[in-house]
Number of protein chains: 2
Amino acid sequence: METKTHKCLLTGECSSAMRAVQDAIHILEGRWKVQIIVSLFFGTKRFKEISRDLPGITDKMLSKELKDLETNKLVKRTVQDSFPPRVDYALTEHGQTLRTVISELSHWGYAHREEIMGKKMAEAV
Amino acid sequence: METKTHKCLLTGECSSAMRAVQDAIHILEGRWKVQIIVSLFFGTKRFKEISRDLPGITDKMLSKELKDLETNKLVKRTVQDSFPPRVDYALTEHGQTLRTVISELSHWGYAHREEIMGKKMAEAV
DNA sequence: CGGCATCCTTGCCGATACTG
DNA sequence: CAGTATCGGCAAGGATGCCG
């Protein structure tokens, strides 16, 4: 326990694991990413549909975030060349794997709220 | 499946789950939080020890982040009034529960890297 | 050693307007 | 409908210096 295990801390295989964690968080962080993903958990959506699901988001942000998610192969963008223009967004298979992660985060988030607010309050609410 | 389940999207119990996820992410996000926590996975540390584990972090940031983590009851701060001054930081029981979450994020992060870089490259590295 | 105070840069993100 | 273009505020956070 008092051994020099901390030598591995940010060099060696530990740093590789660190980067993996940071990568994962980086994809989920920010005000909108998770909300967009959750919105798409419910199925394929058009730009405006997602927009309506996220009160307060601007077209600019939604556009940017979707582009990010597409770059990360989490979201598939499909263009129908009809009029009016129609573009569909859906989670890729890989995007679907986020369900587990988000579920885990959700559980911890609840537990955390209990810890912070006090167990008693948690039942009260 | 095509039912109007999206009605619940950001109103109702779904929004509660959303907030839980956001809470969890908020605690882990940023450049340093996870690194500090991981550093403390290896045991109780002093301010300078953590600082040495995280090349590039400034005293100001470390101080702020530790305060945040303490506020969230993830880290316990203990002051020995000796000379030179000595302050110990350790994860609380609640802080330890992050192991599962971080482990999950790490796994997904690796899988994500394979997805992005291509499975072939993953073995090559 | 373990910080806090100050200054300053960066870039996130919102508001608004415009296009095909 | 599905975006892009431009402007700009504001807060996170890096650099530096000082203190008990």
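In what follows, chains carry the letters A, B, and so on, assigned in the order in which the sequence lines appear, proteins first and then strands, with residues in each chain numbered from 1.
Considering CD1 of A/I102 and CZ of A/F41, their distance stands at 4.0 Å, rounded to 0.5 Å.
In this structure, A/L91 and A/I37 approach most closely via the heavy-atom pair CD1-O, 3.9 Å. Contact detail for B/T44 and B/E49: the closest heavy-atom pair is O-OE1, 4.4 Å. When every heavy atom of A/Y110 is checked against every heavy atom of B/A17, the shortest pair comes out as OH-N, 3.1 Å.
Contacts between chain A and DNA chain D, taken as any atom within less than 4.0 angstrom of a protein heavy atom, begin and end at D/dC1 to D/dC7.
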Can you give the donor-acceptor pairs under 3.5 Å from side chains of residues 24-33 of chain B to other protein atoms, not counting sequence neighbours?
from, atom 1, to, atom 2, distance (Å)
B/H26, ND1, B/E29, OE2, 3.2

Name each donor-acceptor pair under 3.5 Å that joins a side chain in residues 57-71 of chain B to protein atoms two or more places apart or in another chain, with its distance.
from, atom 1, to, atom 2, distance (Å)
B/T58, OG1, B/M61, N, 3.2
B/T71, OG1, B/K67, O, 2.9

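In this view, A/R46 satisfies the side-chain hydrogen bond (donor to acceptor under 3.5 Å, both in side chains) rule with no residue, not counting sequence neighbours. Legend: residues meeting salt bridge (Lys or Arg N to Asp or Glu O under 4.0 Å) with B/R86, ordered by chain and number and at least two apart, are B/D88. By the side-chain hydrogen bond (donor to acceptor under 3.5 Å, both in side chains) test, A/T97 pairs with B/W108, sequence neighbours left out. For the side-chain hydrogen bond (donor to acceptor under 3.5 Å, both in side chains) test, residues two or more places apart in sequence or in another chain that qualify with A/R77 are A/Y89. Applying the side chain to side chain contact (heavy atoms under 4.5 Å, CB included) criterion to A/T92, with sequence neighbours excluded, gives A/K76, A/H94.
Comparing the local axis fitted to the first five base pairs of the helix from C/dC1-D/dG20 to C/dG20-D/dC1 with the one fitted to its last five gives a bend of 40°, rounded to 10°.
Listed pair B/R46 / C/dG2 meets the phosphate criterion, a side-chain N or O lying under 4.0 Å from OP1 or OP2.
Residues from residues 67-79 of chain A that place a heavy atom under 4.0 Å from any atom of DNA chain D, listed by number: A/K67, A/R77.
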The contact string for nucleotides 15-20 of chain C, one letter per nucleotide 5' to 3', using protein heavy atoms under 4.0 Å with B, S and - for base, sugar-phosphate only and none, comes out as B----B
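As rounded to whole Å, 15 Å separates atom C1' of C/dG11 from atom CD of B/E29. Rounding to whole angstrom units, CG of residue B/L66 and P of C/dC1 are separated by 16 Å.
Legend: salt bridge (charged side-chain N to carboxylate O under 4.0 Å, His left out) pairs involving residues 100-109 of chain A, not counting sequence neighbours: none detected.
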